[in-house]
Amino acid sequence: MGQEKGRGRGRRGRAGRLAPQVKEPSIANSIPDARVAHAMSDPLTPLTERFRAAIAAALGPAAPKDAPPDPAIRRSDRADFQANGAMTLAKAVGQKPRDLAAAIVAALRVDDLCAKVEIAGPGFINGWLRDDALTRLLVEAGEREEAFLERAASPEKVVIDYSSPNVAKEMHVGHLRSTIIGDSLARVLEARGHTVVRQNHLGDWGTPFGMLIEHLVDLGLGNAELHIDDLDAFYRAARAKFDADPAFADKSRRRVVLLQGGDADTLALWRELVEQSRRYFGEAYDRLGVTLRDSDVAGESLYNPMLPDVIAELDRKGLLVESDGALCVFPPGFTSKEGGPLPLIVRKQDGGYGYATTDLAGIRYRTQTLTARRLLYVVGAPQSQHLAMVFATATLAGWLAPPARAEHVAFGSVLGSDKKMFKTRAGETVKLLSLVKEAEERALAVVVEKNPELDAETQRAVAHSVGIGAIKYADLSSDRIKDYVFDWDRMLAFEGNTAPYAMYAHARIRSILRKAGAAPDVRALSIAAPAEHALALDLLAFPSVVAEVERTLEPHRLCGYVFSIATAFSNFYEQCSVLQADSAEQRRSRLALCELTARTLGRALSLLGIEAPDRM
RNA sequence: GCGCCCAUAGCUCAGCUGGAUAGAGCGACGGCCUCCGGAGCCGUAGGUCGCAAGUUCGAAUCUUGCUGGGCGCGCCA
């Protein structure tokens, strides 16, 4: 049974409870593909090309041959965009920055895109886009089927390992983080055209099952109605008996042997346990609006039959070393407490296998059987060293070789407002469903107060969307590597960078569109007012932001984007009347802008796994 | 002992891989309802970006060394 260091955490389960460790495992972890996202609708993309050409013309023969100079075009708060490349470039070619900037501007051909370009400070090039250029780009993007979303240049098969709860144990906030982050990344990568294979690495195998099965036997073997309503209670009861009753502990150990030996009765009980849990998790995923399905479960038991062969292959490759009776791999670059090499134990003294072997089998399965190119592990930061060692070993074994690569999508712990691990007042882990229930109840109270005219059913539906959205957004909106403080009041405050704020902006736009009557026509768009200009600029950045999330695997960038659009719209809303516009043309144009904003906002939220109701 | 992560306004967080005056929300203070949803908008106050060096035209961002907090380091997962 093991001592489990007093916590009895499951493999992945432990992940979320502890604090951050490593952002970047050392081996087989680099991302070789290009850093620059090419987004068609983003005006910064054509501008980069124009600036490249201008730089080449300005430098003439002095231009560097091999690497095309980067104009370093960024968004700016003092212009629509700014190009900083001239200053670094001037240094490289020995010119004065301002002179070079002037030469670049002189050679620049951007009349169709820019209203104005000027040089500022030591050599910044500031630019402002033409309203008609923004209009054209927006209309083009808006007329496409998937407005604003663009596929990756070379789609690949990606495996995402996330959620990973343990059978007969309640999911806690750590699992919730993995589930929410992983699900958002799955949506983003799919939207980019990749083939995403979700893998829910269920903790459905191992020594704890001896005591769980024995406990099940005690509760009612042969009873057709096996209810595990409270998973944690079930686990705790089994655990308590195991600790207190030596006879039970003995039976449990024998049961493990039976399980591993394939005893039919034992396997039947095991399946019962697993089925109960899968059903429960499935319900939780449905309620959360998570895309994981039962067919995505690839639990530890899946790999169990592969483990002997994994060992045999490691042996054939000369990677195995016997140490204190255990079989180990010593990947280079890892040192132990004593300063010696650090082992990855792939077979224990007693001949059993641990999670390292299972993870190795998982990599082999994912690259060879599933033929995945990119392997993502949405697992808590404390496991970074373990994963780094597993990746290193898999690389040595040849199971992880370019172009395939693995990345640890690490995340920090969930903390309470006291900055300690998030727990209930009683000191217990917070149960997922009670969390969801509370979110919905709190949301419902607000909906009832703010919108009493909605019928009860709609109120409940909205409260569901808002409550779940609030939980997800709070989790996703800060950098995942950092610990995250769970705070109901802030989460459901509905102000600032929160899901309800964004959802509210969306609902308000839909309300306008409803009142307008006729269906909006994006071709009627004509950007004119400053607030329209700013909103248009934001909308066009969508594909670049999504590509950035694809690259960095950081959904909080998408949240930041959602917030900026919602803010830009609120600004537009205050300054530009839509339904009472000055002219019919202006009204149609603004309705088009509303439509594009609602679509983009809704789509961005959907990539976060958050619903955007039409009214709330 | 070795290694990894984190440190930005009173609080919770951004800061787009080195750009100009470090931005939001909450909280505080002050404005905006004859007008498309006030779950909104505008403004004021609030900072030695943990400390110290270094790299350079330019550093919250890169390097090194410290300090503080967290985590990991052989048969649990």
Side-chain angles (χ1 to χ4, degrees), chain A residues 1-5 7-15 18-24 35 72 74-78 82 84 87-88 90-91 97 120-124 166 203 206-208 300 323-326 328 334-339 342-345 347-350 352 354-356 358 381-386 388 410 412-413 417 419 446-447 449-451 466 477-479 481-485 487 489-490 493-498 500-501 503-505 507-508 511-512 515-516 541 544-545 548 552 556-557 559-560 563 567 570-571 573-575 577-581 594 615-616:
Chain A
M1 188 58 43
Q3 291 310 300
E4 299 183 301
K5 296 187 180 171
R7 284 186 299 272
R9 283 296 124 197
R11 180 237 151 146
R12 305 294 201 228
R14 184 173 163 191
L18 307 170
Q21 175 75 349
V22 179
K23 193 161 197 169
E24 195 173 358
R35 312 191 347 261
R74 304 281 136 83
R75 284 170 206 289
S76 167
D77 54 342
R78 42 181 78 200
Q82 97 182 180
N84 313 328
M87 287 173 292
T88 45
K91 178 92 177 170
F124 297 102
N166 295 305
T207 49
E300 293 171 339
S323 173
D324 293 339
C328 306
F334 299 91
T335 50
S336 69
K337 265 181 207 165
E338 295 74 31
L342 188 63
L344 186 70
I345 294 172
R347 204 180 72 188
K348 299 184 285 183
Q349 274 180 335
D350 64 4
Y355 68 130
T358 305
Q383 297 203 44
S384 64
Q385 182 174 267
H386 166 255
S413 312
S417 47
K419 287 281 205 168
V446 179
V447 173
E449 183 211 327
K450 301 281 185 188
N451 233 332
V466 171
S477 59
S478 63
D479 194 355
I481 195 62
K482 295 183 181 176
D483 290 351
Y484 136 67
V485 177
D487 180 344
D489 292 333
R490 187 165 38 84
F494 308 166
E495 289 145 351
N497 191 8
T498 63
Y501 175 84
M503 293 166 78
Y504 174 72
R508 208 158 52 162
S511 170
I512 294 173
K515 286 191 174 148
S544 297
V545 171
E548 193 64 8
T552 61
H556 78 283
R557 295 168 185 269
C559 293
F563 186 53
T567 306
S570 290
N571 199 14
Y573 177 87
E574 294 292 324
Q575 297 180 28
S577 186
V578 177
L579 298 178
Q580 279 94 49
C594 284
R615 59 190 86 208
M616 60 186 279

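In what follows, chains are A, B, ... by sequence order, proteins preceding strands, each numbered from 1. What you see is a predicted model; the values in this text were computed from it and never measured.
- Closest approach to the A:Leu579 side chain among B:G72, B:C36, B:A24 is made by B:C36 (side chain taken as heavy atoms from C-beta onward).
- Within 4.0 Å (heavy atoms only), A:Glu338 reaches no atom of the nucleic acid at all.
- Here A:Asp324 lies in heavy-atom contact (under 4.0 Å) with a base.
- Residue A:Gln349 contributes atom CD, which lies 10 Å from atom C1' of B:G74 at whole-angstrom precision.
- Two residues are said to be in side-chain contact when any heavy atoms from C-beta on lie closer than 4.5 Å; A:Leu344 and A:Phe334 fail this criterion.
- A:Asn84 comes within contact range of at least one nucleobase, with a heavy-atom separation under 4.0 Å.
- Ranking B:G37, B:C71, B:A20 by closeness to the A:Arg78 side chain, first place goes to B:A20.
- Phosphate contact (OP1/OP2 of B:U17, side-chain N/O of A:Arg74, threshold under 4.0 Å): present.
- Comparing B:C75, B:G19, B:C71 by their nearest atom to the side chain of A:Ile345 picks out B:C75.
- A gap of 16 Å separates the C1' atoms of B:G74 and B:C2, to the nearest Å.
- Across all strands shown, A:Phe124 has heavy atoms under 4.0 Å from base atoms, whether or not it also approaches the sugar-phosphate.
- Nearest to the side chain of A:Thr88, among B:C75, B:C16, B:G58, sits B:G58.
- Contacts of A:Ala120 with the nucleic acid, taken as non-hydrogen atoms under 4.0 Å apart, include base atoms.
- With a glycosidic angle no more than 90° from 0, B:C33 adopts the syn conformation.
- Contact annotation for A:Met616: base contact, defined as any heavy-atom pair under 4.0 Å involving a base atom.
- Of all nucleotides present, only B:C62 satisfies the Watson-Crick or G-U wobble test against B:G54, with each distance under 3.5 Å.
- In this structure, the nucleotide among B:A39, B:G1, B:C71 sitting nearest to the side chain of A:Lys337 is B:G1.
- Among the heavy atoms of the strands, none lies under 4.0 Å from A:Thr567.
- Residue A:Arg508 places at least one side-chain N or O closer than 4.0 Å to OP1 or OP2 of B:G38.
- Put simply, A:Lys450 has no side-chain N or O that comes within less than 4.0 Å of OP1 or OP2 on B:G40.
- In this structure, B:U17 is classed as syn because its glycosidic torsion stays within 90° of zero.
- B:U55 and B:U8: their P atoms are spaced 27 Å apart (whole Å).
- Residue A:Asn497 contributes atom CG, which lies 13 Å from atom P of B:A24 at whole-angstrom precision.
- Pair assignment for B:U44 gives B:A28, based on Watson-Crick or G-U wobble hydrogen-bonding distances that are each under 3.5 Å.
- With distances taken from any side-chain atom of A:His556 to the nucleotides B:C36, B:C13, B:G15, the minimum falls on B:G15.
- What you find for A:Arg557 and A:Val545 is that their closest heavy atoms are O-CG1, 4.0 Å.
- Ranked by how close their nearest RNA chain B nucleotide is to the 5' end, A:Asn451 and A:Asp350 are led by A:Asn451.
- B:G25 and B:C41 have their P atoms separated by 8 Å, given to the nearest Å.
- B:G40 and B:G3: their C1' atoms are spaced 50 Å apart (whole Å).
- Base pairing annotation: B:C2 forms a Watson-Crick or G-U wobble pair with B:G72, both donor-acceptor distances under 3.5 Å.
- Spacing between B:A52 and B:A39 at atom C1', rounded to whole Å, works out to 47 Å.
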### Task
Take A:Asn451 and A:Arg615, measure what side chain to side chain contact (heavy atoms under 4.5 Å, CB included) needs, and give me the verdict at the end.
CA-CA 10 Å; A:Asn451 233 332; A:Arg615 59 190 86 208; over 6 Å; no
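- The interatomic distance linking A:Gln575 (CD) with B:C36 (C1') rounds to 15 Å, in whole Å.
- Remark: C1' of B:G23 and CZ of A:Arg75 are 17 Å apart, rounded to the nearest angstrom.
- Here B:C75 is the nucleotide among B:C75, B:G40, B:G19 with the atom lying nearest to any side-chain atom of A:Ala326.
- In this model, the phosphate group of B:U12 is not approached by any side-chain N or O of A:Lys482 to a distance below 4.0 Å at OP1 or OP2.
- Pairing for B:A39 is absent, with no Watson-Crick or G-U wobble pair whose two atom distances lie under 3.5 Å.
- Counting non-hydrogen atoms under 4.0 angstrom, A:Ser577 reaches a base of the nucleic acid.
- Comparing A:Ala505 and A:Arg347 by the nucleotide of RNA chain B that holds the closest heavy atom to each, the one mapping nearer the 5' end is A:Ala505.
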Kindly give the atom pairs (protein nitrogen or oxygen, nucleotide nitrogen or oxygen) under 3.5 Å for nucleotides 60-64 of chain B.
none

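- Across all strands shown, the partner of B:A7 is B:U67, judged by Watson-Crick or G-U wobble contacts whose two distances both fall under 3.5 Å.
- For B:U34, there is no paired nucleotide, since no Watson-Crick or G-U wobble pair has both relevant distances below 3.5 Å.
- Partner assigned to B:C49 is none, using Watson-Crick or G-U wobble distances below 3.5 angstrom.
- Across the P atoms, B:A22 and B:A45 are found 14 Å apart, a figure rounded to whole Å.
- Base engagement by A:Cys328 is indicated by at least one non-hydrogen atom pair under 4.0 Å involving a base atom.
- Relative to the side chain of A:Ser323, the nucleotides B:A24, B:G74, B:G19 differ in distance, and B:G74 lies closest.
- Within 3.5 Å, no donor on the side chain of A:Ser570 pairs with an acceptor on the base of B:G40, nor the reverse.
- Atom name C1', nucleotides B:U44 and B:C51: the rounded distance is 32 Å, in whole Å.
- Using a 4.0 Å heavy-atom criterion, one finds that A:Tyr573 contacts the bases of the nucleic acid, with or without backbone contacts as well.
- In this structure, the side chains of A:Tyr501 and A:Ser570 come closer than 4.5 Å at one or more pairs of heavy atoms.
- Candidate nucleotides B:G38, B:C73, B:C35 were compared by shortest atom distance to the side chain of A:Gln580, and B:C35 ranks first.
- No donor-acceptor pair closer than 3.5 Å links the side chain of A:Ser511 to the backbone N or O of A:Ala507.
- Phosphate contact (OP1/OP2 of B:C41, side-chain N/O of A:Tyr501, threshold under 4.0 Å): present.
- Across all strands, A:Gly354 comes closer than 4.0 Å only to sugar-phosphate atoms, never to a base (heavy-atom distances).
- Among the nucleotides B:C26, B:C73, B:C41, the one closest to the side chain of A:Leu342 is B:C73.
- Nucleotides B:G18 and B:C6 place their P atoms 16 Å apart, quoted to the nearest Å.
- Across all strands shown, the partner of B:G23 is B:C13, judged by Watson-Crick or G-U wobble contacts whose two distances both fall under 3.5 Å.
- Within the 4.0 Å cut-off from OP1 or OP2 of B:G37, at least one side-chain nitrogen or oxygen of A:Ser511 is found.
- In this structure, A:Ser76 reaches neither bases nor backbone, as no heavy-atom distance under 4.0 Å exists between it and the strands shown.
- Per the geometry, CD belonging to A:Glu495 stands 18 Å off P belonging to B:C13, to the nearest Å.
- The base of B:G74 is not paired with the side chain of A:Ser336 by any donor and acceptor separated by under 3.5 Å.
- Side-chain atoms of A:His386 and A:Tyr355, non-hydrogen and from C-beta on, do get closer than 4.5 Å to each other.
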